[in-house]
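Accompanying notes for the structure given below.
Everything numeric here is computed off the predicted structure, so don't read it as measured data.
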Amino acid sequence: AVGALSDSKDFVEDLLKGKTVDLSFQGIDHFKNEVGFVKLAENDHTAILTKIAETMKKIFQEKGILAGDERAFKPHLTFMKLSKSAQLRKQVKRIDSSLYEDFKSHYFGDEILHRLDLCSMLKKKQPNGYYYCESSIVFGEKHAAEPDDAELVSLSKRLVENAVLKAVQQYLEETQNKTRQTDGSPVKTKEAESSSKNESDNDNS
């Protein structure tokens, strides 16, 4: 399967001829009231996506891998689905369509196709919740404005660190102000110093 995916890259790039595939997502539908998903709006770009799927299916089949059985190609964005747990299935047997009634025709935005992943639905999922990825093929360059996972983790760490630092500074300022109001002296009391130290120790932890 990894080999088939790798072989398909040249065929797909030849099909795209340097063009981008801009996919537009609008409206909501479901599979047997068990999976809720955002629909792909029909346009020239979805026709290209269907051609890509057909090309890849043929390459997989030539390597002896049955792809998709004979089910129709139905690209979608899943946002809700029932658990596989038999115990939970007894409690919730279907997704009530009234939950997403207000978004039945909602426009959710566009996404440019830049990567295809070969995922395993049997192996343990990644920490971010995404399926285990066996292999990927990338088309063109990823947008400069689009951060990767490492950048997002680094950014979130910096945001947390800045927030903690700001909170500590604010606490120290309030403690100093309270001390001045009490005795008119800018010197902190032992209690304030102890509290500040504990706060700093907790932050370091």
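The two residues Ile59 and Ala4 come nearest to each other via the heavy atoms CG2-O, 3.6 Å. The two residues Ile95 and Glu34 have their closest heavy-atom pair at CD1-O, 3.4 Å. The two residues Gln26 and Ser105 make their nearest non-hydrogen contact at NE2-O, 3.2 Å. The minimum heavy-atom distance between Ala1 and Phe60, with the atom names listed, is O-CZ, 3.7 Å. In this structure, Thr46 and Ala41 approach most closely via the heavy-atom pair CG2-O, 3.0 Å.
Put simply, CG on Leu16 and CD1 on Ile48 are 7.0 Å apart, with the number rounded to the nearest 0.5 Å. Distance OH/Tyr131 to CD/Gln126: 12.0 Å, rounded to 0.5 Å. Expressed to the nearest 0.5 Å, how far NZ of Lys17 lies from CG of Leu15 amounts to 6.5 Å. Here OG of Ser8 is found 13.5 Å from NZ of Lys58. Values are rounded to the nearest 0.5 Å. Separating the CZ atom in Phe25 from the CG atom in Asp110 is a distance of 8.5 Å, to the nearest 0.5 Å. Residue Leu77 holds its CG atom at 13.0 Å from NZ of Lys39, rounded to the nearest 0.5 Å.
Between the side chain of Thr55 and the backbone N or O of Lys51 there is at least one donor-acceptor pair closer than 3.5 Å. The backbone N or O of Ser83 lies less than 3.5 Å from a partner atom in the side chain of Arg89, making a donor-acceptor pair.
Both Phe103 and Met80 sit in one connected hydrophobic cluster of ILVMFWY residues. Membership requires side-chain heavy atoms under 4.5 Å apart, directly or through other members. Under the 4.5 Å side-chain contact rule for hydrophobic residues, Val12 and Phe73 share a cluster. Leu118 and Ile137 end up in the same hydrophobic cluster when Ile, Leu, Val, Met, Phe, Trp and Tyr side chains are linked at under 4.5 Å. Connection of Val21 to Phe139 is established within a shared hydrophobic cluster, with ILVMFWY side chains joined at heavy-atom distances below 4.5 Å, either directly or through further cluster members. There is no path of hydrophobic side-chain contacts, each under 4.5 Å, that joins Tyr130 to Met121.
Side-chain contact check for Thr20 and Asp22: no donor-acceptor pair (N or O, by modelled atom type) lies under 3.5 Å.
Between Gln61 and Lys57 there is a side-chain heavy-atom pair separated by less than 4.5 Å. Looking at heavy atoms from C-beta onward, His76 lies out of side-chain contact with Asp29 at the 4.5 angstrom threshold. Inter-residue side-chain proximity for Phe37 and Lys74 is flagged as met; some heavy-atom pair is nearer than 4.5 Å. Contact of the Met56 side chain with the Leu116 side chain is registered, since non-hydrogen atoms from C-beta on lie closer than 4.5 Å. At a threshold of 4.5 Å between non-hydrogen side-chain atoms, the residues Leu113 and Ile52 count as touching.
Checked against the 6.0 Å centroid criterion, the rings of His30 and Tyr100 do not qualify as a close aromatic pair.
More than 12 non-hydrogen atoms from other residues, nucleotides or ligands lie less than 6.0 angstrom from CG of Asp96.
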